[in-house]
Number of protein chains: 2
Amino acid sequence: MATTIKTIAKITGVSHSTVSRALRGSPLVADVTAERIRIAAEQLDYLPSAAARSLKTKRTHVLGVILSGIADPFFSEVLNGIEGAAHAAGYSLFIGSSNHDADKEARIVQTMLEQRIDGGIICSTPVSIERWRQFPTDRFPIVVINNQAADHYNFSIYHDDIDGSRQLARHLIELGHRKIAYLGNSHSGKTTLDRLSGLQEEMEFQGLSVAPDQIHHAPGGSLQMGAEGMNYFLNLPHPPTAVMCFNDLLAIGALKACRQAGVRVPDEISVTGFDNIAFSEFSVPPLTTLDQPKYEIGRQAAQLLLSLLSEESGLHSHTQGVKVLKGRLLVRATTAKPRKKETL
Amino acid sequence: MATTIKTIAKITGVSHSTVSRALRGSPLVADVTAERIRIAAEQLDYLPSAAARSLKTKRTHVLGVILSGIADPFFSEVLNGIEGAAHAAGYSLFIGSSNHDADKEARIVQTMLEQRIDGGIICSTPVSIERWRQFPTDRFPIVVINNQAADHYNFSIYHDDIDGSRQLARHLIELGHRKIAYLGNSHSGKTTLDRLSGLQEEMEFQGLSVAPDQIHHAPGGSLQMGAEGMNYFLNLPHPPTAVMCFNDLLAIGALKACRQAGVRVPDEISVTGFDNIAFSEFSVPPLTTLDQPKYEIGRQAAQLLLSLLSEESGLHSHTQGVKVLKGRLLVRATTAKPRKKETL
DNA sequence: ATAGTCATTGCACACGTGTGCAAAGGAAAA
DNA sequence: TTTTCCTTTGCACACGTGTGCAATGACTAT
């Protein structure tokens, strides 16, 4: 049995109320008494019970984070950003990986609500707002990173995927590419569509277009999927001269497929990624990609949530609801001018 | 304010005790009453308060997991294994990344103890047993994965690193290598020493040895460190013909350093990794490594902990304390016979 | 009809912490 | 000396859930 304030009370010869106040730093306790209590607490290795405290204060100082999984380095970086901001403010994280499984997601949300988390961050996974119905959303702040659900959430952090995708497309077009394909990830709702839109917008802006057979959606965003997806393009009667991939993992997988097929990158085909994960600098050739401010995205999401929490118990100085961050093009070595005969 | 059992009690016209019993499935409630209560609970979106429940039952159904970070895919796989087993048994995880920071680690442990986690898993990071002194260890089960601390913990899951390392060394020796170097990770206490020992044991077993200047410890286990570490070996007056790396990340980083230095792998130098992370199949060339049963390690650690928990509140059928798992050699394309002139 | 058995329910307390309120005591002011 | 004020402390209740025990009522056995 752990030591409680009652134990300390008995030993120091005061009431448990006084102990509680002393340890919380209340001014309603004589200095000498407080010091005596603190010493006793230290000596007894006292640690307050979070359960009892939150039961009384209605605050758990825990934030829930839902994401599809941590296998993708992109998410672990975002998570780092969230963790950094939360930790600095004295909050802990309760993390749930849904793995694209609706049942599991439901259980995660339920557990989080039972734990009475102070707020939630939904990271790039489509969680229906209906799941949170147990608690009125205005009393239970939720911040969404790259909202994938159809529902509208009041507070969110977006990465400007359309802009990022246009930067990549512009780079390819400037190199002389005219036949640019897109390898998407069907597991990722809105994000993959935005990135496709960015390509299409930039193409149309330059008077070009993306042929329907140059769009392929892989059933996931992993290395393996990237290899398989690239093979689809390579086997086309008229393969593209460049392939824009949904993310770096797909792109690195695609590079392997090219190598196995004997297609040289970037001489015969250009490939781009998205995210700029640590590995992309170490691929062969090093990957041209869009550097997303991953840590910053996570950090800002957490800070937005934290400011909502401090508002909640005070003035309602309406916080900015939606924040959009932009990434920047990072040209490495998987993009080059298309071979002459392929140039339109 | 969320609905509580008292709300339900008022509405259904019974006492809160009856509601509590009905929802917990106690046989002490008439079927009709129980059904009526269940319906009301459903309708009111009732979710029990984990804080109140655990305050009374002394069980939180939460397991703490401490690891150095989730950036390394090895850990995210182990974490998956832990999560799988815990989730199946109705337990949630409270995850803390220490990032090799002692202060942060202290805060993590403190928070976990305040949360009154039912048990803990320490994953490949040196956490002193002293940190848990607040609770007698026999009442507070802890399982350690690849113990890095000097302290002895009663329950642990080990990967047989010495065996794995010997497998890799044997493979290289059989190929004809005599001058094999080791690139370690000084942030990882016991593990890196074990892997070095494995190499040394196998070398001595074959009547060979590892020269002191052929041992280098990188200050971390990242891609970047791998590249820097490999440069050390390449700049040696007499470079090794093969380098065994602490893990796959270092190895992949090393591959890049070789490429930049114009040293061909595996023709001029062989490189091996450790772990078999997803990326290692996609490196250039694909990495020869030791396939560690990552998911299984995590799963078994969680199961060991869970069995300790069920013991705790019942019979003491002493559970097996230490479990050792072995990995298997995975030969890909970064290892080959040394060049003739280099052969001793 | 009476006693005994059993199913069902409510009362009351406990878990560990926080806090409004009153009480006690001492010091300062009148 | 009496009054007032302030400091310090304890009492008692609350948070939401679980459970031992007693009370109630119905049914069965004698």
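Residue numbers begin at 1 in each chain, while the letters A, B, ... track the order of the sequences. For the numbers below, each heavy atom of this structure counts, side chains included, while hydrogens, waters and symmetry mates do not.
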**Request:** Report the C-alpha distance between A:R107 and A:E114 in whole Å, list the side-chain angles of each, state the deciding distance to 0.1 Å, and finish with yes or no for salt bridge (Lys or Arg N to Asp or Glu O under 4.0 Å).
**Result:** CA-CA 10 Å; A:R107 287 187 56 181; A:E114 290 182 356; over 6 Å; no
**Message:** Measuring to OP1 and OP2 of D:dT9, would you say a side-chain N or O of A:T33 lies under 4.0 angstrom away?
**Reply:**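 Checking A:T33 against D:dT9: at least one side-chain N or O falls below 4.0 Å of OP1 or OP2.
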**Request:** Indicate whether OP1 or OP2 belonging to C:dG16 is found under 4.0 Å from a side-chain N or O atom of B:K58.
**Result:**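 Answer is yes, contact under 4.0 Å.
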**Asked** Which residues in residues 16-25 of chain B have at least one heavy atom lying under 4.0 Å from any atom of DNA chain D?
**Response**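 Nucleic-acid contacts, sorted: B:H16, B:S17, B:S20, B:R21, B:R24.
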For [X] and [N], what is the distance between atoms [atom1] and [atom2] respectively, to the nearest whole Å?
X      : N      : atom1 : atom2 : value
A:L113 : D:dG16 : CG    : P     : 16 Å
A:H61  : C:dG18 : NE2   : P     : 11 Å
A:I37  : C:dG18 : CD1   : P     : 13 Å
B:R116 : C:dG16 : CZ    : P     : 8 Å
A:K10  : C:dT17 : NZ    : P     : 14 Å
B:R59  : D:dT19 : CZ    : P     : 13 Å
A:L55  : D:dC13 : CG    : C1'   : 13 Å
B:L44  : D:dG16 : CG    : P     : 14 Å

Does the [X] side chain pair with the main chain of [Y], one donor and one acceptor, at a distance under 3.5 Å?
X      : Y      : value
A:D118 : A:T60  : yes
A:S307 : A:L304 : yes
B:S98  : B:D101 : no
B:N154 : B:G321 : no

**Asked** Which comes earlier along DNA chain C counting from the 5' end, the contact point of A:S49 or that of B:V29, where each point is its nearest nucleotide?
**Response**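 Per heavy-atom nearest nucleotide, the more 5' residue is B:V29.
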**Asked** Looking at C:dC15, C:dG10, D:dT17, which one has an atom nearest to any side-chain atom of B:T4?
**Response**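 Closest nucleotide among those given: D:dT17.
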**Item:** From D:dT17, C:dT9, D:dG10, nucleotide with atom closest to B:Y46 side chain
**Value:**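 Nearest nucleotide to the side chain: D:dT17.
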**Request:** Find which nucleotide of DNA chain D each of B:K56 and B:L28 is nearest to by heavy atoms, and output the residue with the more 5' nucleotide.
**Result:**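 It is B:K56 whose nearest nucleotide is closer to the 5' end.
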**Message:** Is there a side-chain contact between B:I122 and B:Q148 in this structure, where contact means two heavy atoms from C-beta onward sitting under 4.5 Å apart?
**Reply:**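 No, their side chains stay 4.5 Å or more apart.
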**Request:** Mind checking side-chain contact (heavy atoms from CB on, under 4.5 Å) for B:T33 and listing every partner two or more places apart, or none if nothing turns up?
**Result:**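 Partners of B:T33 under the side-chain contact (heavy atoms from CB on, under 4.5 Å) test: B:V14, B:T18, B:V29, B:A30, B:R36, B:I37.
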